[in-house]
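Because the structure is a prediction, the values reported are computed rather than measured. Order of appearance sets the numbers: ligands from 1, and atoms from 1 within every ligand.
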Amino acid sequence: MEIQGEDDYFVKNTPPKNIEEVEKKTKEFLNFQIEKDRRVVLVTSGGTTVPLENQTVRFVDNFSAGTRGSASVEYFIEQGYAVIFLYRQHSLRPYSRHYSHSKNCFLDMLDIDNDNIIVNNKYNSFMKIILEKYKKAKAENLLLEIDFFTVKDYFFYLNKITKILSTIEEKAMYYLAAAVSDFFIPPERMVEHKIQSRAGGLNLSLDQVPKFLKPLVSEWAPKGLIVSFKLETDPDLLISKARQALDRYGHQIVIGNMLLTRKRVVHFITKDAERKIEMSDEELKNGMEIETKIISELKIKHDNWIEQSKN
Ligand code: 9Z3
């Protein structure tokens, strides 16, 4: 399996059409936050797709709905951060996630009263709390949202945004919760048109994507606090693989989680320690989310990271 080099990747692949616009928006957003003396976190979220054709009809995808990323944004904002949210198109987004079309359809929360649309009493106070938070985030310019669809576009945006954000050095955090594909089809092997079914079955051969965490840590954002996630399905592998990632890339924190228990348990792996963060049944029943604990813990780690850099 041939692995393209990291720099090579950005030469061989075509950048997304709006990359310059994203660059401009990110710079403007960051300059605004610098004026306000705020910390900024990049939150990546959702699954990346791997198209099988240039004119894409089919693609390989993964399970992620962007729950972790979108929930985390709300808690980061509560902790005083400004957030750049790099998310998979049509995946969950902060605030609106509470009224997603599939789970809590917003239409069920509305009633018709003569000629007016009103919020059903049952949902009124909950909706008001979310709406207030959303309006505040907008009014105070605390959130910049950028969407991607393919793994290729994700890497281009990640590269661009990370390098811009790195100018605030230790005050930036990188929270990489997106479920990123490990495999892709390189441009020279990608067909233009829809793959035809006449030929019978379909054999796919995918290359490994470059490990972008390596240049991100050592070159793109060497002073920021970098938090990556490690997902496994085999419990015997989780901690060792998470520690392996930490050793290999030399960043600060890996959060390990299992597919089936990711909303209830996560493991914080750092250079000298390992800590389990868990939700009780009671907490889950009360609608509390594990992301509130994750972000509180990260805020403290970021305080220390900034403090250390002063010495
Ligand atoms: C995660 O492990 C996230 O916590 C989840 C969140 C994707 C499980 P949901 O969107 O799920 O709330 O449904 N993200 C990182 C997964 C990943 O691709 N990690 C890479 C790996 O495991 C390293 S960067 O190799």
Undergrad: Any side-chain donor paired with an acceptor under 3.5 Å for His98 and Glu74?
TA: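 A pair is found: one side chain offers a donor N or O, the other an acceptor, under 3.5 Å apart.
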
Undergrad: For Lys133, is there an ion pair with Glu78 - N to carboxylate O distance below 4.0 angstrom?
TA: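 Yes, Glu78 and Lys133 are salt-bridged.
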
Undergrad: Below 30° counts as parallel, above 60° as perpendicular, anything between as tilted: where do the rings of Tyr249 and His251 land?
TA: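 Answer is tilted, since the angle falls between 30° and 60°.
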
Undergrad: Any chance the rings of Tyr9 and Phe184 have centres within less than 6.0 Å?
TA: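 Tyr9 vs Phe184: aromatic centres under 6.0 Å.
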
Undergrad: Evaluate the side-chain proximity of Leu176 to Leu213: yes if any heavy-atom separation is below 4.5 Å, no if none is.
TA: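 Yes. Closest side-chain heavy atoms under 4.5 Å.
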
Undergrad: Can you name the atoms of ligand 1, numbered from 1 with element, that are less than 4.0 Å from a heavy atom of Leu231?
TA: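 Selected atoms, number and element: 2 (O), 8 (C), 22 (O).
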
Undergrad: For atom 17 (C) of ligand 1, what is the nearest protein heavy atom, given as residue, atom name and distance?
TA: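 That would be Ala178 O, 3.8 Å.
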
Undergrad: Among protein heavy atoms, which sits nearest to atom 1 (C) of ligand 1, and what does the distance come to when rounded to 0.1 Å?
TA: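 Scanning the protein heavy atoms, the shortest distance from atom 1 (C) of ligand 1 goes to Phe229 CB, 3.5 Å.
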
Undergrad: Do Leu216 and Ile269 belong together in a cluster built from hydrophobic side chains that touch within less than 4.5 Å?
TA: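 In one cluster with Leu216: Ile269, no.
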
Undergrad: Decide if the gap between the ring center of Phe212 and the ring center of Phe155 is smaller than 6.0 angstrom.
TA: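 Judged by ring-centre distance (under 6.0 Å), Phe212 and Phe155 do meet the cut-off.
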
Undergrad: What atoms of ligand 1 come closer than 4.0 angstrom to any heavy atom of Ala179?
TA: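 Checking each atom against Ala179, I get 7 (C), 16 (C), 18 (O).
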
Undergrad: Specify the protein heavy atom at minimum distance from atom 10 (O) of ligand 1: its residue, its atom name, and the distance to 0.1 Å.
TA: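 Looking only at protein heavy atoms, the one closest to atom 10 (O) of ligand 1 is Ser64 OG, 2.6 Å.
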
Undergrad: Is there a polar contact, in the sense of an N or O pair closer than 3.5 Å, between Asp182 and ligand 1?
TA: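 Checking ligand 1 against Asp182, no N or O pair falls under 3.5 Å apart.
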
Undergrad: Which residue owns the protein heavy atom closest to atom 18 (O) of ligand 1, what's the atom, and how far is it?
TA: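 In this structure, atom 18 (O) of ligand 1 has Val180 N, 3.2 Å as its nearest protein heavy atom.
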
Undergrad: Under 4.0 Å from a heavy atom of Thr67: which atoms of ligand 1 are those, numbered in the order shown and with their elements?
TA: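 In order of numbering, the contacting atoms are 9 (P), 10 (O), 12 (O).
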
Undergrad: For atom 13 (O) of ligand 1, find the nearest protein heavy atom and state the residue, atom name and distance (0.1 Å precision).
TA: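 Nearest protein contact, heavy atoms only, for atom 13 (O) of ligand 1 is Arg262 NH2, 2.8 Å.
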
Undergrad: Any chance the rings of Phe106 and Tyr123 have centres within less than 6.0 Å?
TA: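 Ring centres of Tyr123 and Phe106 not closer than 6.0 Å.
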
Undergrad: Which of the numbered atoms in ligand 1 are under 4.0 angstrom from any heavy atom belonging to Ala65?
TA: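 Heavy-atom distances to Ala65 below 4.0 Å select 10 (O), 13 (O).
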
Undergrad: What protein heavy atom is closest to atom 14 (N) of ligand 1, reported as residue, atom name and distance in Å?
TA: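 In this structure, atom 14 (N) of ligand 1 has Ala177 O, 3.0 Å as its nearest protein heavy atom.
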
Undergrad: For atom 25 (O) of ligand 1, which protein heavy atom lies nearest, and how many Å away is it?
TA: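 That would be Lys230 NZ, 2.8 Å.
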
Undergrad: Of the protein's non-hydrogen atoms, which lies at the shortest distance from atom 4 (O) of ligand 1, and what is that distance?
TA: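 Heavy-atom neighbour on the protein nearest atom 4 (O) of ligand 1: Asn257 OD1, 2.6 Å.
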
Undergrad: Using a 4.0 Å cutoff against the non-hydrogen atoms of Gly66, which atoms of ligand 1 qualify?
TA: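 Ligand 1 atoms under the 4.0 Å threshold to Gly66: 10 (O).
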
Undergrad: Any salt bridge between Arg39 and Asp303, counting N to O under 4.0 Å?
TA: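 The answer is yes: the pair qualifies as a salt bridge.
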
